[in-house]
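Heavy atoms only: backbone and side chains are in, while hydrogens, waters and symmetry mates are out.
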Amino acid sequence: MSVSLQKGQKVSLSKENVGLANVLVGLGWDEVQQKRGFFAPKPQPIDCDASALLLQNGHLLGKEDIVYFGNLRHKSGTIQHMGDNLTGAGEGDDEQILVDLSKVPAQYDRIVIVVTIYQAMQRNQHFGMIQNAFIRLVDGRNNTEMCRYNLTDSYAGATAMIFGEIYRHNGEWKFNAIGQGTNDPGLGELANRYR
């Protein structure tokens, strides 16, 4: 049974799901249909990109610990990005990241899931133009959704978003629903927050 989370709420993943190993992190969003004049040019589609930052003691130590469309697999083989969706069109997850919690090297204590808008500044795009955004965690053994966090705040002006984090606490894996918008123009700047 899936748990519906609120902003800032934490939930144990491994306590309720004994033997949990493979987790699918599904992220989704829809573009708000913009009103435009008859002769106005058609706006560019909003290209949201999901990424995973692997932290050691709360810090990102190198760019090799960022899993995103330009680095689809972590060097440990335990985290894999399933590919870039350029438009967010369609139902369900727009992008997915697979995590093998049972094999994440011990030095990594936190996996932060973020979403950025490709060329947000140049295209004058922000998360206020996005609706129905969510992050969900699915048990890979039986494809059962364990928890879901629907982002409901207004994020007008935010060009990047920290959706949530999977973290280790006392030998147990937990998830924290964050939903924090930032004004970082891209993934590099957002990643620098964790250095």
Q. Are Phe134 and Val11 linked, directly or through other ILVMFWY residues, by side chains that come within less than 4.5 angstrom of each other?
A. no
Q: Tell me whether Leu55 is reachable from Ile66 by hopping between hydrophobic residues (I, L, V, M, F, W, Y) whose side-chain heavy atoms are closer than 4.5 Å.
A: yes
Is atom [atom1] of [X] surrounded by more than 12 heavy atoms (other residues, nucleotides or ligands) closer than 6.0 Å?
X      : atom1 : result
Asn192 : CG    : yes
Asn132 : CG    : yes
Lys63  : NZ    : no
Tyr118 : OH    : no

Smallest separation among heavy atoms of [X] and [Y], with atom names:
X      : Y      : value
Val104 : Arg168 : O-NH2, 3.1 Å
Gly179 : Tyr149 : CA-OH, 3.5 Å
Thr78  : Lys103 : CG2-O, 3.0 Å
Trp173 : Tyr108 : CH2-O, 4.5 Å
Leu190 : Ala160 : CD2-CB, 4.0 Å
Tyr155 : Lys7   : OH-NZ, 4.3 Å

Using a 4.5 Å cut-off on heavy atoms from C-beta on, say whether the side chain of [Y] contacts that of [X].
X      : Y      : answer
Asn22  : Leu98  : no
Val115 : Trp29  : yes
Leu24  : Met82  : no
Gln119 : Asp47  : no
Met161 : Val114 : no
Leu101 : Ser14  : no
Leu20  : Asp139 : yes
Ile135 : Ile113 : yes

**Q.** Modelled atom types, side-chain donor and acceptor of Asp184 and Thr182, under 3.5 Å
**A.** yes
Distance (rounded to the nearest 0.5 Å) between [X] [atom1] and [Y] [atom2]:
X      : Y      : atom1 : atom2 : value
Gln6   : Asn150 : CD    : CG    : 9.0 Å
Leu187 : Ile117 : CG    : CD1   : 13.0 Å
Asn170 : Lys15  : CG    : NZ    : 10.0 Å
Gln180 : Leu151 : CD    : CG    : 11.5 Å
Ile79  : Asn71  : CD1   : CG    : 10.5 Å
Phe127 : Cys48  : CZ    : SG    : 4.5 Å

Q | Step-by-step side-chain contact (heavy atoms from CB on, under 4.5 Å) determination, Arg148 to Leu137 | A | CA-CA 7 Å; Arg148 174 184 289 257; Leu137 275 62; over 6 Å; no
Q. Could you walk me through whether Glu64 and Lys75 pass the side-chain contact (heavy atoms from CB on, under 4.5 Å) check?
A. CA-CA 7 Å; Glu64 68 277 0; Lys75 61 186 178 184; 3.6 Å; yes
Whether [X] side chain and [Y] backbone form a donor-acceptor pair below 3.5 Å:
X      : Y      : answer
Asp109 : Asn57  : yes
His81  : Leu72  : no
Glu172 : His169 : no
Glu95  : Ala50  : yes
Asp100 : Ser102 : yes

Q: Would you mind checking if Arg136 and Asp93 are paired as a salt bridge, meaning a charged N to carboxylate O distance below 4.0 Å?
A: yes
Q) Picking from Glu165, His59, Gln56, what satisfies side-chain hydrogen bond (donor to acceptor under 3.5 Å, both in side chains) with Arg110? A) Glu165
Q.
Using the rule given for side-chain contact (heavy atoms from CB on, under 4.5 Å), can you reason through Val138 versus Asn143, listing the C-alpha separation, both sets of side-chain angles and the distance that settles it, and then say yes or no?
A. CA-CA 6 Å; Val138 176; Asn143 208 27; 3.5 Å; yes
Q: Go through the steps to decide whether Tyr167 and Asn176 satisfy the test side-chain contact (heavy atoms from CB on, under 4.5 Å), and finish with yes or no.
A: CA-CA 8 Å; Tyr167 65 99; Asn176 179 18; 3.9 Å; yes
